Amino acid sequence: MPINGSGKRLTSVAPQFATGRAPTRPMQDAPTNPACRPARLVPIHIPDDASLIDPDSGGPGAHPHPHPHPPEYAGHLAGVLLPSARIGSRAAELASLIHEDYAGRRPHLVCVLKGASIFFHEMLRRLQDRSQGYTFDFLRASSYEGTETTGTVRVSEDFDYGGLEGRDVIVVEDIIDTGVTLSRLLPVLRERGGCRSVEVCTLLEKRIDGERGARAAEAGGGGGHAPVVARYCGFSIPNRFVIGYGLDYNELYRDLRDIWIISQAGIEFDHKTLAV
Ligand code: 5GP
Ligand code: MG
């Protein structure tokens, strides 16, 4: 999993503590991740200077522990970027759109493990709220880069491609960063699975630029790969490394309820020292 540049970049970013939700604004004047072009709706834009929720105070008048976390993570967390309640209401909106789009059909939802697992279950519940029928499955995908254009994705060997045949597939992801993983996974699913359609539902897309932005642009249309179009996308977030709500750093922090920005101490923490 590419955690390299993203995590390190945090070193120069001072967390800003404040209370309340990050303001949102339309995407029209905002940079987008070129690997991820939402087709169905505009993702909620979390600005680069979004205030984080202080993990210690939670803000004046707030409950002292509005965002509980395992005590062993004390000091590892810079602040909450997206509280789980906000993710829940966004998942409800995404589920409504899926319900509209798949009226009379039963999509096959495929969760990309492990990061998307919490979001996946949230989506399943929200689809149940709308009496939307579906089937589901899980896969693990890891991307390997041989050369710039011949990189490939390895899909878990026991994945049931037969279950995709003739189906409307929705791939559920936690986050699109460069888009490389999905740009390689989607053709594999289409070709080996024989599905009727494939769409992507991602909780987050990251706004990226520079070298990684160029790779994203390539993943989105160059290099012989099909463009990644996330038809359903929750939030467009700053180019910072996020953890929690299923997303990890060195396999830690998946157990956080909310989505946080990791602190420098969290980046440097020797995860092998944590008691099991
Ligand atoms: P991509 O192939 O789009 O560059 O990367 C996709 C995968 O990288 C995601 O599914 C996720 O596993 C991982 N990833 C990218 N950015 C982040 C991040 O900010 N936090 C975490 N925890 N994982 C990330
Ligand atoms: Mg993922």
Side-chain angles (χ1 to χ4, degrees), residues 1-11 13 32-37 46 48 50 52 73 76-78 80-82 87 109-120 123 138-145 148 151-156 170-188 200-221 223 225-230 233-256 258-263 266-267 269 271:
M1 188 183 66
I3 49 176
N4 40 22
S6 313
K8 290 283 181 285
R9 223 173 292 269
L10 282 174
T11 55
V13 179
T32 55
N33 180 335
C36 180
R37 299 196 296 279
I46 308 297
D48 289 349
L52 302 182
Y73 293 158
H76 297 197
L77 307 167
V80 171
L81 186 71
L82 288 170
I87 298 171
L109 286 95
V110 176
C111 173
V112 183
L113 293 171
K114 303 177 194 171
S117 55
I118 310 284
F119 175 55
F120 186 70
M123 288 300 301
F138 300 88
L139 63 73
R140 268 173 196 269
S142 12
S143 54
Y144 293 87
E145 302 209 14
E148 305 89 66
T152 178
V153 67
R154 185 181 295 168
V155 177
S156 37
I170 304 177
V171 176
V172 180
E173 258 287 22
D174 48 0
I175 183 166
I176 297 181
D177 183 17
T178 62
V180 167
T181 307
L182 276 180
S183 73
R184 290 167 186 165
L185 175 64
L186 298 184
V188 173
V200 173
C201 175
T202 182
L203 173 60
L204 308 171
E205 66 163 26
K206 202 185 275 192
R207 294 188 299 275
I208 54 178
D209 49 22
E211 190 190 324
R212 287 169 57 250
R215 287 174 65 211
E218 181 190 315
H225 302 297
V228 175
V229 178
C233 181
F235 301 91
S236 164
I237 63 163
N239 185 14
R240 302 179 73 176
F241 197 79
V242 290
I243 50 171
Y245 199 80
L247 289 106
D248 78 308
Y249 182 73
N250 287 333
E251 289 297 328
L252 298 184
Y253 312 115
R254 294 191 197 276
D255 45 359
L256 293 167
D258 308 291
I259 290 187
W260 299 71
I261 302 284
I262 195 169
S263 72
I267 292 169
F269 180 70
H271 58 282

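We're numbering straight along the sequence, starting at 1. Each ligand, and each atom within it, is numbered from 1 in the order the structure gives. Only a predicted model underlies this, so the values are computations on that prediction, with no experimental measurement involved.
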Contact between [X] and [Y] at the side-chain level, heavy atoms closer than 4.5 Å - yes or no?
X: Phe138; Y: Ser156; value: no
X: Thr202; Y: Leu182; value: no
X: Leu139; Y: Leu185; value: yes

Heavy-atom gap Tyr249 to ligand 1 smaller than 4.0 Å: no

Report yes or no: does a heavy atom of Gly115 sit under 4.0 Å from some atom of ligand 1?
no

I'd like to check whether [X] has a polar contact with ligand 1, where a contact means an N/O of the residue lying under 3.5 Å from an N/O of the ligand.
X: Val242; value: yes
X: Asp177; value: yes
X: Ile243; value: no

For Tyr245, the ring-ring contact (aromatic ring centres under 6.0 Å, His included) test, sequence neighbours excluded, returns none

Applying ring-ring contact (aromatic ring centres under 6.0 Å, His included) to Tyr73 and not counting sequence neighbours gives Tyr253

So, leaving waters aside, the tally of protein N/O/S atoms less than 2.8 Å from the Mg ion (ligand 2) stands at 2

Rounding to 0.5 Å, atoms CG (Leu247) and OG (Ser117) come to a distance of 9.0 Å

The single option from Ile243, Leu77, Leu52 that satisfies side-chain contact (heavy atoms from CB on, under 4.5 Å) with Ile261 is Leu52

Short version for Asp174: what comes under 4.0 Å of ligand 1, heavy atoms counted, is side chain

Checking heavy atoms under 4.0 Å, the part of Lys206 that sits near ligand 1 is side chain

Can you list the ligand 1 atoms lying under 4.0 Å from a non-hydrogen atom of [X]?
X: Asp248; value: 21 (C), 22 (N)
X: Thr181; value: 1 (P), 2 (O), 5 (O), 6 (C)
X: Arg240; value: 19 (O)
X: Glu173; value: 10 (O)

Apply side chain to side chain contact (heavy atoms under 4.5 Å, CB included) to Val242 and Leu82, showing your working. CA-CA 10 Å; Val242 290; Leu82 288 170; over 6 Å; no

Sequence neighbours excluded, the answer for side-chain hydrogen bond (donor to acceptor under 3.5 Å, both in side chains) partners of Asp258 is His67, Ser84

When you look at Leu203 and Ile259, which way does the side chain to side chain contact (heavy atoms under 4.5 Å, CB included) test go after all the steps? CA-CA 11 Å; Leu203 173 60; Ile259 290 187; 3.8 Å; yes

Check: Ile46 main-chain N/O paired with Arg207 side-chain donor or acceptor under 3.5 Å: yes

